[in-house]
Amino acid sequence: MKAKTPAAWEHVQLAAKLADLKDDHYRTVLTLSAMLELFIDKGILTREELSAKAEALDAQLESLISASLHPMA
């Protein structure tokens, strides 16, 4: 029979997993930011186009979330 893991150790493991996720998230955002800056520097897109697209995607996502939370509305 397997011995039960102490709750304190489970919390330590959870904290370590969270730290790993935060590091992964930071590196992903850093890479994305670098790519966007390069696109802007090279004239592939403008900050205005980027902002407009972000706003449009955010509105679309908000609409989808709202529709899924209130399917009969």
Gap separating the [atom1] atom of [X] from the [atom2] atom of [Y], nearest 0.5 angstrom:
X: Lys17; Y: Leu14; atom1: NZ; atom2: CG; value: 7.0 Å
X: Glu37; Y: Leu50; atom1: CD; atom2: CG; value: 9.0 Å
X: Leu18; Y: His25; atom1: CG; atom2: NE2; value: 11.5 Å
X: Ser33; Y: Leu38; atom1: OG; atom2: CG; value: 11.0 Å
X: Lys53; Y: Leu45; atom1: NZ; atom2: CG; value: 11.5 Å

Would you check if the side chain of [X] reaches a backbone N or O of [Y] as a donor-acceptor pair within less than 3.5 Å?
X: Thr28; Y: Asp24; value: yes
X: Glu49; Y: Thr46; value: yes
X: Ser66; Y: Glu62; value: no

If two hydrophobic side chains count as joined below 4.5 Å and joins carry through other members, does Leu32 share a cluster with Ile44?
->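 Cluster IDs for Leu32 and Ile44 match.
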